[in-house]
2 protein chains.
Amino acid sequence: MSRGPDTRDAIVVAALAYADEHGIDSLTLRGLGRATGLHHTAIYRHFRSKEEILNALFEQIAAESMASLGEVPTDPGERIIAIALALRAGLHEHPAVAGAYLQPEASIADSLPARQLQGLILSSLSELGLEGHALAQRYQILESYVLGATAFDFSGAPAHLESRRQRHRMADGQDLEAESRETDTIDLLNEEAFALGLRTLVSAFTRDAQP
Amino acid sequence: MSRGPDTRDAIVVAALAYADEHGIDSLTLRGLGRATGLHHTAIYRHFRSKEEILNALFEQIAAESMASLGEVPTDPGERIIAIALALRAGLHEHPAVAGAYLQPEASIADSLPARQLQGLILSSLSELGLEGHALAQRYQILESYVLGATAFDFSGAPAHLESRRQRHRMADGQDLEAESRETDTIDLLNEEAFALGLRTLVSAFTRDAQP
DNA sequence: ACCTGAACACCGTTCAAGT
DNA sequence: ACCTGAACACCGTTCAAGT
């Protein structure tokens, strides 16, 4: 483990890998200390609390998602979709973290990348022609859908796909059996469904904003 | 605390009240024992684990929501909306529980009330004219939206409204200030937004199913 | 059958003591 | 400045012993 100002980043990277492999519940300070070569109490030199580490994980993913965006579409509706899908993809790579921002103490909105994402969505909705109460409502729907549905879809990571598969199989006599054969299929269905729901919402918002 | 076969129910009721008042993280077996007059290890006579208690909380709320439904609308789209709003209302009464089903070990789908809700939604989508892959996708969107967005909206309970208020206020220069004055206003905005998103999705699904 | 008390193997966090 | 080791006040869970 390198010393100096990069130690904090190194802890975040190690914590991300640890959570991806063992699940967020298994991420303990003692385990993280072992993974980084630091004494577990030494981590408090870089983070005020474990909660701050979890917030940093989301911040890291949000920043990666923002960076992967690159050129952003000029059409405001497509821009919203691109941003949401980029964040979804970032959380898909680290599914164990997806539920972390629902912890009672989490404050993901305070981070800079989260603020940037929020600002991009808000200005896009504004470009669509929405304002005031109608804009606030639509923003809230998108935020709750993107972050909520993603947390729900990935909760239980890394075993989330298997439980989702069983949930589908459970719906016997309802023509879902063919959709529940493989966890890969479920993963694809999940991502397709998320994108379809997102497009459905954004299309409706675009229509709502028309005179 | 009454003995006998009702003890389990009494524990669930006490746990629900405890979580509502102190937050789900403060719900410990020792605290629950104190609240029920039972020794904390005696709880293991009624539940295999703490996880099983959390699942029972969701089950209880789902059952209450089902019971409050009463007469169900004949129109399949309106039926989906009524069911989803009933579950949302049940979780609104116990916001601290809303995040519990996102725990890595949660298995809410195994409970009878959850299965009943799922069956009602599936048959309603089928009545709309959806089938196979299209039906599975729409079901998945609704499940992820209803449970995910609700978990997200209520996460941090009982302090969730205050943090949500600050999140809105944070979006300065974006016309949200007027929406962020009171936590009551935020609560109303939340519920309005959830219902609007739900209706938007169901309307689109109804249209998709038309020939 | 149900409950009790002690114990086990963990947690996150603090803090005086080291370099 | 940064790290260490011991300790504190908790957890969920187990189990022999009680009634």
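Residue numbering restarts at 1 for every chain, and letters A, B, ... go by the order of the sequence lines.
The CG-C1' distance, from Leu29(A) to dT4(D), rounds to 16 Å in whole Å. Rounded to an integer number of Å, the gap from Phe47(B) CZ to dC3(C) C1' is 17 Å. The CD1 atom of Ile43(B) sits 14 Å away from the P atom of dT14(D) (whole-angstrom rounding). Between Ile24(B) atom CD1 and dG12(D) atom P there is a gap of 12 Å when expressed in whole angstrom units. Atom-to-atom, NE2 of His22(A) to P of dC11(C) comes out at 13 Å; the value is rounded to the nearest Å. Atom-to-atom, CG of Leu38(B) to P of dG12(D) comes out at 15 Å; the value is rounded to the nearest Å. In this structure, the CD atom of Glu51(B) is 13 Å from the P atom of dG12(D), given to the nearest Å. Counting to the nearest Å, the C1' atom of dG12(C) and the CG atom of Asp25(B) are 13 Å from each other.
Of the candidates dC3(C), dT14(D), dT13(C), dT13(C) carries the atom nearest the Thr41(A) side chain, counting heavy atoms from C-beta on. Among dG12(C), dC3(D), dT13(D), the nucleotide with an atom closest to any side-chain atom of Ala42(A) is dC3(D).
Remark: the backbone N or O of Phe194(B) is paired with a side-chain donor or acceptor of Tyr145(B) at under 3.5 angstrom.
Inter-residue side-chain proximity for Tyr139(B) and Gln118(B) is flagged as met; some heavy-atom pair is nearer than 4.5 Å.
Taking for each of Arg30(A) and His39(A) the nucleotide of DNA chain D with the nearest heavy atom, the 5'-most of the two is the partner of His39(A). Judged by closest nucleotide on DNA chain D, Arg45(A) is the one of Thr28(B) and Arg45(A) placed further toward the 5' end.
You won't find any donor-acceptor pair under 3.5 Å spanning the side chain of His40(B) and the base of dT4(C), going by distance alone.
Scanning both residues, Ala84(A) and Leu198(A), for their nearest heavy atoms gives CB-CD2, 3.6 Å.
Using modelled atom types, one finds no donor on one side chain facing an acceptor on the other under 3.5 Å when comparing His94(A) with Gln60(A). In the model, Asp153(A) has no side-chain atom that pairs as donor or acceptor with a side-chain atom of His92(A) under 3.5 Å.
Of the inter-residue distances, the one linking Glu52(B) atom CD with Leu54(B) atom CG reads 10.5 Å to the nearest 0.5 angstrom.
Counting only residues at least two apart or in different chains, salt bridge (Lys or Arg N to Asp or Glu O under 4.0 Å) contacts with residues 55-64 of chain B are absent.
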*Determine which bases of DNA chain D form Watson-Crick or G-U wobble pairs with both distances under 3.5 Å, and write the result as a 5' to 3' dot-bracket string with | for other-strand partners.*
||.|||||...|||||.||

